[in-house]
Amino acid sequence: MRRRRNSGPVPKVSLGRLLVGTAAAAMLGCCGWWLLRVDTEYGPPLGPDRVLAGAQRSGLPAMATGAREALHSRPIDGSAYRMLGQVAANDGAGERAIELYRVAVRRDPRDWQAHAFLMDTAFRRGARGEGVRHLDAILRVNPDLAKPLLEQLVTDFGDARLRQAAIDAVVGEPPWAGQMWAALRGPKADAGITARFIQELSARRPLTTAERSTLIDALLRAGSATDARAVWVASLASPLRRLAGTVYDGDFEEMEPVTGAFAWTWDAGPGVDVTLETGAAASGRQFLRIAFSGRATTLRAPSQRLALVPGAYTLSAAFDDQTDASRPFELELSCTTGGGLTRMELSGASETWQRVSTSFDVPANCTQQALRLTQRSRSIADTLVSGLLRLDDVQIRKTLQ
């Protein structure tokens, strides 16, 4: 690729690489004579299209002549202005090139190649709002470029003015917004900056479910589990927010189970049926009924993600074990980054509710935790369980020092 000559200094804006690193390669790979055709849909290029196609194949020296010849026949041809702009940029006439490319997009607003040049130059001179407007135009015409362009864009969201320009575009919910959330969840995006971007967006309009989910994910990746849980709780209906203690709905009182980052998960695995039952609860109106069919199973639920701050706590629960399990069930609490905090056995068969409790500490390096029901088994035979386990009143309380 030839280097453009420019008579003046180019501002050092990191987004200048946005086009150079991604769109330029895609643009050169995709462009051909068919991109220049505007007067026919099928068959060989005719009239001015044939002139432009020939000039494009002949390279820069012939572009100016071919573009002018095409404009003589069709003065409103945006592709011809784009070609003249390309020649001007190659000759070092930067301002003239910008003027010609702007004419090109006025003549043909769908000319994403012209928008790409203008996006690049806008970002290079620090005109972030203009650059994002051209990016919006490119992605509406050529959605295949959304992934590389947006993945590069979000790496520069540390720039507050760029974030604001992007928010101005996203507020209108453009068709590429879903790709933006995918890019913000990707490995190139900084989690803390992603959270800031979505929080700033939330000041402009209510967040969608996808946006709120992306914010929660970003806060968790940034190590702000407490803030993530607060965002999730705020999204719940008012009656459900009252269930958001240290353990969400530890009494299993919600009528219809909700889903989300900090709700209970119910997929316990094959051979296990988990339901909410009303009546004869240890606390409140409902309890959790876990029925085992006798098949070998590895318990996966119920489980829940927690956001306990460092300190001393007490875990307690009520249970009624009416199974034939040879090994006790346990409530296991661990750090999501690895390392157990405590295991509390639900042992001792009876015909009524029993209560158990245990103390544990959350260290400073354990910012997210997981609570789940497990069974400590030594062999497959231990997992062949039949009968009913009832669970209720699962609580975690901060221990006063």
Side-chain angles (χ1 to χ4, degrees), residues 242-258 262-306 308 312-335 340-362 369-379 381-399:
R242 294 194 291 268
L243 304 178
T246 307
V247 176
Y248 173 72
D249 192 18
D251 285 333
F252 304 104
E253 292 299 289
E254 59 184 5
M255 300 304 295
E256 294 293 334
V258 301
F262 295 91
W264 286 111
T265 61
W266 306 109
D267 182 12
V272 185
D273 183 37
V274 178
T275 57
L276 294 171
E277 296 287 334
T278 302
S283 175
R285 298 170 302 170
Q286 295 187 151
F287 61 90
L288 191 67
R289 180 182 183 272
I290 308 167
F292 297 85
S293 66
R295 293 177 56 186
T297 185
T298 300
L299 274 175
R300 298 194 297 252
S303 64
Q304 183 177 139
R305 188 185 316 211
L306 304 176
L308 305 174
Y313 293 87
T314 299
L315 168 66
S316 62
F319 75 96
D320 176 18
D321 185 359
Q322 300 175 19
T323 71
D324 59 2
S326 58
R327 299 285 291 172
F329 297 99
E330 296 177 329
L331 280 176
E332 177 187 60
L333 187 62
S334 60
C335 294
L341 296 176
T342 190
R343 284 176 174 268
M344 185 172 70
E345 284 193 0
L346 308 180
S347 60
S350 70
E351 297 180 356
T352 186
W353 290 101
Q354 298 185 72
R355 292 186 178 274
V356 288
S357 64
T358 187
S359 299
F360 66 95
D361 292 308
V362 174
Q369 309 85 30
L371 175 67
R372 65 191 184 105
L373 179 67
T374 65
Q375 184 191 23
R376 187 181 296 181
S377 57
R378 299 163 298 187
S379 65
D382 290 334
T383 68
L384 299 172
V385 179
S386 298
L388 178 67
L389 174 68
R390 299 194 299 167
L391 184 65
D392 199 4
D393 200 16
V394 179
Q395 297 186 31
I396 295 179
R397 293 188 176 88
K398 193 77 179 288
T399 302

(request) I would like to know whether L391 and L346 meet side chain to side chain contact (heavy atoms under 4.5 Å, CB included); could you show each step before the answer? (result) CA-CA 9 Å; L391 184 65; L346 308 180; 4.1 Å; yes
For [X], give me all partners under salt bridge (charged side-chain N to carboxylate O under 4.0 Å, His left out), at least two apart in sequence or on another chain.
{"X": "D393", "value": "R355"}
{"X": "D324", "value": "none"}
{"X": "R390", "value": "D320"}
{"X": "R343", "value": "E330, E332"}

Give, for atom [atom1] of [X] and atom [atom2] of [Y], the distance between the pair rounded to the nearest 0.5 Å.
{"X": "Q375", "Y": "R327", "atom1": "CD", "atom2": "CZ", "value": "8.5 Å"}
{"X": "D267", "Y": "R300", "atom1": "CG", "atom2": "CZ", "value": "4.0 Å"}
{"X": "R295", "Y": "T383", "atom1": "CZ", "atom2": "OG1", "value": "10.5 Å"}
{"X": "D249", "Y": "L288", "atom1": "CG", "atom2": "CG", "value": "9.5 Å"}

[X] side chain to [Y] main-chain N or O, any donor-acceptor pair under 3.5 Å?
{"X": "Q395", "Y": "G250", "result": "no"}
{"X": "R285", "Y": "T278", "result": "no"}
{"X": "E253", "Y": "Q286", "result": "yes"}
{"X": "W264", "Y": "A301", "result": "no"}
{"X": "S357", "Y": "S316", "result": "no"}

For the student: nearest non-hydrogen atoms of [X] and [Y], plus distance:
{"X": "Q369", "Y": "L308", "value": "OE1-N, 2.7 Å"}
{"X": "L341", "Y": "F360", "value": "O-CB, 3.9 Å"}
{"X": "D382", "Y": "S326", "value": "OD1-OG, 2.8 Å"}
{"X": "A282", "Y": "A318", "value": "CB-CB, 3.6 Å"}
{"X": "L331", "Y": "A317", "value": "CD1-CB, 3.7 Å"}
{"X": "T297", "Y": "A268", "value": "OG1-O, 4.3 Å"}

(message) Can you confirm whether or not the ring centre of F287 sits under 6.0 Å from the ring centre of F252?
(response)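 Ring centres of F252 and F287 not closer than 6.0 Å.
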(request) Begin with the C-alpha distance, continue with both residues' side-chain angles, and end with the deciding distance and a verdict on side chain to side chain contact (heavy atoms under 4.5 Å, CB included) for E345 and V356. (result) CA-CA 8 Å; E345 284 193 0; V356 288; over 6 Å; no
(request) Start with the C-alpha distance between L299 and V272, add both sets of side-chain angles, then the distance that settles side chain to side chain contact (heavy atoms under 4.5 Å, CB included), and finish with yes or no. (result) CA-CA 8 Å; L299 274 175; V272 185; 4.3 Å; yes
(message) Taking the side chain as everything from C-beta on, heavy atoms only, tell me whether L276 gets closer than 4.5 Å to P257.
(response) yes
(message) Under the rule for side-chain hydrogen bond (donor to acceptor under 3.5 Å, both in side chains), what residues qualify as partners of E254, not counting sequence neighbours?
(response)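 Counting only residues at least two positions away or on another chain, E254 forms a side-chain hydrogen bond (donor to acceptor under 3.5 Å, both in side chains) with Y248.
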(request) Check whether the side chains of S283 and D392 place a donor and an acceptor atom closer than 3.5 Å, and report yes or no. (result)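 Checked: S283/D392 side chains show no N/O donor-acceptor pair below 3.5 Å.
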(request) Could you tell me which residues satisfy ring pair (Phe, Tyr, Trp, His ring centres under 6.0 Å) with F329, sequence neighbours excluded, listed by chain and number? (result)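 Checked F329 against ring pair (Phe, Tyr, Trp, His ring centres under 6.0 Å); matches are F292.
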(message) Taking side-chain contact (heavy atoms from CB on, under 4.5 Å) as the criterion, tell me which of L333, T246, V362 meets it with L306.
(response) L333
